[in-house]
Asker: 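After the structure tokens below, expect a handful of questions from me.
In this chain, numbering begins with 1 at the start of the sequence shown.
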Amino acid sequence: MTVADEESALLGLAPVAPDRTVAYGPHPDQLVDLYVPRAGGDAAARGPLVVLLHGGFWRAAYDRRHLSPLAAELAGQGVPVALAEYRRVGAGGGAPQTFEDVTAGIEAACAALAGASADPSPVLVGHSAGGHLALLAAARPDTPVTRVLAVSPVADLARAHALGLSHGAVGELLGQGPGFPERLAAADPARHPPAGVPVTILHGTDDPDVPLDLSRRYAAQSPVTTVLRELPGVGHYAPVTPGSPSCDVLVGLVCRPSST
């Protein structure tokens, strides 16, 4: 599969319905889809509780459904998964609503999946803009998160804004105008690395949407608890597309972090 084919390969997968969905607020996008391992089989709960955050440059045009095959794949490996939706730019989101929803979604996921895993503390897995949100959420002083796996993340928000990624997506998220520099600094994971929370970043060397340089810059400024794994010849979408070799790496890091 070439880098140019990666997006169509992911979006061409049929969405997988969750076992159930819980709401954590009144807005239609304040939802968490739950994928629960089947008890008694090979997929009996063995892994951590995972909260999965999708990308799409924080815009309402992109929702959680394209990561539902990954959620189902992880559940098939014995991992209880909460695929979180959140308010996005163009549909009631942006700063601070999007950030507030991620925090509330994590709390709702932990409550809904209590008892589904031997370890109730969540692991955050985020792709692209979802990787940014995962890194930022893990940096909160009261975070319950035990580790983060950020895939092709927008890890350096200031650099992403300077590059004008996705036609100014960072400016749309934070809102231009007075106070923008302060909002940018507050929302930039590169300025707020998680204290004591291990971070693994997976990033393809040929990513055309979120340059690898953003993850390299984040890792260079972060504590020793951050590990950057570069995926040679891989683009933006293959690491979250079940069946691809780079997605196998992701699944292994979630389910067997000490042996991958």
Asker: Under the rule for side chain to side chain contact (heavy atoms under 4.5 Å, CB included), what residues qualify as partners of L11, not counting sequence neighbours?
Answerer: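 Once residues adjacent in sequence are excluded, the partners of L11 under the side chain to side chain contact (heavy atoms under 4.5 Å, CB included) criterion are E7, H66.
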Asker: Among residues two or more places apart or on two chains, list those pairs meeting ring pair (Phe, Tyr, Trp, His ring centres under 6.0 Å) that have a residue in residues 213-257.
Answerer: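 Pairs touching residues 213-257 that pass the test: H127-H236.
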Asker: Determine whether a donor-acceptor pair (N or O, by modelled atom type, separation under 3.5 Å) exists between the side chain of E85 and the backbone of V32.
Answerer: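 Not at all, since once roles are kept as given, no pair shorter than 3.5 Å links the two residues.
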Asker: Check salt bridge (charged side-chain N to carboxylate O under 4.0 Å, His left out) between D63 and all other residues, then give those that pass, not counting sequence neighbours.
Answerer: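 Result, salt bridge (charged side-chain N to carboxylate O under 4.0 Å, His left out) vs D63: R65.
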Asker: Taking side-chain hydrogen bond (donor to acceptor under 3.5 Å, both in side chains) as the test, write out the residues that go with S8, two or more places apart.
Answerer: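 Result, side-chain hydrogen bond (donor to acceptor under 3.5 Å, both in side chains) vs S8: none returned.
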Asker: With sequence neighbours left out, what residues match H203 under side-chain hydrogen bond (donor to acceptor under 3.5 Å, both in side chains)?
Answerer: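 Applying side-chain hydrogen bond (donor to acceptor under 3.5 Å, both in side chains) to H203 gives D207, S215.
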Asker: Please identify each residue that fulfils side chain to side chain contact (heavy atoms under 4.5 Å, CB included) with F99, with sequence neighbours left out.
Answerer: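 Applying side chain to side chain contact (heavy atoms under 4.5 Å, CB included) to F99 gives A95, H132, L133, L136, L173, L174, A187.
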Asker: What residues, two or more places apart in sequence or in another chain, satisfy side chain to side chain contact (heavy atoms under 4.5 Å, CB included) together with E230?
Answerer: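 In terms of side chain to side chain contact (heavy atoms under 4.5 Å, CB included), with neighbours along the sequence ignored, E230 is linked to T205, L212, R216, L228.
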Asker: Testing the 3.5 Å rule here: is there a donor-acceptor pair between the side chains of R147 and S121?
Answerer: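 There is no such pair (donor and acceptor under 3.5 Å, judged by atom type) between the side chains of R147 and S121.
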Asker: List the residues meeting salt bridge (charged side-chain N to carboxylate O under 4.0 Å, His left out) with D213, not counting sequence neighbours, and say none if there are none.
Answerer: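 Expected list: R159.
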Asker: With side chain to side chain donor-acceptor pair (under 3.5 Å) as the rule and sequence neighbours excluded, what pairs involving residues 10-21 come up?
Answerer: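 Non-adjacent pairs meeting side chain to side chain donor-acceptor pair (under 3.5 Å): D19-R38, T21-D33.
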Asker: Mind jotting down which residue pairs meet the ring pair (Phe, Tyr, Trp, His ring centres under 6.0 Å) criterion with at least one end in residues 147-168? Sequence neighbours excluded, please.
Answerer: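 For residues 147-168, and leaving out neighbouring residues, the ring pair (Phe, Tyr, Trp, His ring centres under 6.0 Å) pairs sorted by first residue read H161-F180.
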Asker: Only pairs at least two apart or in different chains count here, so list each side chain to side chain donor-acceptor pair (under 3.5 Å) that has a residue in residues 23-32.
Answerer: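 Sorted pair list: Q30-D101.
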Asker: Only pairs at least two apart or in different chains count here, so list each side chain to side chain donor-acceptor pair (under 3.5 Å) that has a residue in residues 175-202.
Answerer: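 Qualifying pairs, neighbours excluded: none.
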